Amino acid sequence: MYDTIVFDGVYKSPVGWLGIKLQGNDLIKLDWLEKNTPSKGVLSRNPAVKKIIASLDIYFNKATHPVIPPVSLAGTRFQQRVWRALQNIPFGTVKTYGELAAELKTSSRAIGQACRTNPISILIPCHRVVAANGIGGYVGDARPSQIKQWLLHHEGIH
DNA sequence: CGAGCATCCTCAG
DNA sequence: CTGAGGATGCTCG
C-alpha cells in the first residue's frame, strides 16, 4: 500500500500504527499503516516529528484535541475547504455528511469523497463525520470500521 | 463527457 | 424491517 512512501516517523497508537510524513517542517501525511512498521520508529530526533508525536500523545492520552501542528495540504480548493471545516468540529461531537454539506452548500457525497482523501488522520478529524443512519465509512471503506468506532468511543460517543 | 464515490431520501413490499 | 432507485456535487481519465 505504502511501498513507495518512506515515512519520517511512526506512532504507536492504541488502535494501530500511524505513519508520519514531512515536507520540511510541515506535516503532509499522517495515515494508518498496515502491518510493516518503518525502521525509523518512534524515536526520531527530528524536532518536527517529535512535535507531531506530542500532539498525538495529547489526543490519545489526555482525551482532548491538540493544537494542530504546521501542515501543508495538497488538494483541490474544495477539499481544502472541507478539511478546514473538519478542524472546527470539537472533540467529542460529530456531524453527519449531510449537515456538513448544507453548511458548505454542497452534497453529502461530495463531503464523503473529500473526507476519503484527507491526508491527515486524527489531527484532521474525518472520523467525526458520520452517516445519517449509522457510523459511515472510513479509510476508503464504506463498511463500518473498528478504528472509527474506537476513536468515537474514545471521545465519549456511543 | 462519463463513471465512480466514506450519502440521503423516498417509496414499495 | 429490507431493497431499489433517483438526486446530488465533486474528481479523475
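Letters A, B, ... mirror the listed sequences (proteins, then strands); counts begin at 1. All of these numbers come straight from a predicted model, not from anything done at the bench. Note that these values count all heavy atoms, side chains included, but never hydrogens, waters or copies made by symmetry.
- A:His127 and A:Tyr138 have perpendicular rings, their planes meeting at more than 60° on a 0 to 90° scale where under 30° would count as parallel.
- Counted by atom type alone, A:Tyr59 and A:Glu155 present one or more donor-acceptor pairs between their side chains at under 3.5 Å.
- One can place CZ of A:Arg81 at 15 Å from C1' of C:dT11, the figure rounded to the nearest angstrom.
- Side-chain contact between A:Leu152 and A:Val130 is present, with at least one heavy-atom pair separated by less than 4.5 Å.
- Rounding to whole angstrom units, CH2 of residue A:Trp83 and P of C:dT11 are separated by 10 Å.
- To the nearest angstrom, P of B:dG4 lies 22 Å from CD1 of A:Ile111.
- Listed nucleotides C:dT11, C:dT8, B:dC8 differ in distance to A:Arg109; the shortest reach to its side chain belongs to C:dT8.
- Distance A:Gln113 CD to B:dT7 C1': 12 Å, rounded to the nearest Å.
- We find that CG of A:Asn133 is positioned 13 Å from C1' of C:dT2, with the value rounded to whole Å.
- Between the side chain of A:Ser108 and the base of B:dT7, a donor-acceptor pair under 3.5 Å is found.
- Counting any heavy atom pair closer than 4.0 Å across all strands shown, A:Thr76 reaches sugar-phosphate atoms only and no base atom.
- Put simply, OG on A:Ser72 and CG on A:Leu22 are 11.0 Å apart, with the number rounded to the nearest 0.5 Å.
- At least one donor-acceptor pair closer than 3.5 Å links the side chain of A:Asn118 to the backbone N or O of A:Ile124.
- If you measure from atom CG of A:Leu100 to atom P of C:dT8, you get 20 Å, rounded to the nearest angstrom.
- A:Asp57 CG: more than 12 foreign heavy atoms inside a 6.0 Å radius.
- Across all strands, A:Tyr97 comes closer than 4.0 Å to base atoms (heavy-atom distances).
- Among the heavy atoms of the strands, none lies under 4.0 Å from A:Gly136.
- For A:Thr96 and A:Ala110, each mapped to the nucleotide of DNA chain B holding its nearest heavy atom, the one lying further toward the 5' end belongs to A:Ala110.
- Helical stems of DNA chain B (runs of at least 3 Watson-Crick or G-U pairs, donor-acceptor distances under 3.5 Å) are listed by first residue: B:1-5 with C:9-13, B:7-13 with C:1-7.
- Atoms CD (A:Gln80) and P (C:dT11) sit 11 Å apart, rounded to a whole Å.
- Put simply, NZ on A:Lys105 is 13 Å from P on C:dC10, counting in whole angstrom units.
- Side chain of A:Lys148 to main chain of A:Ile135: a donor-acceptor pair is present (N/O by atom type, distance under 3.5 Å, no hydrogens or angles).
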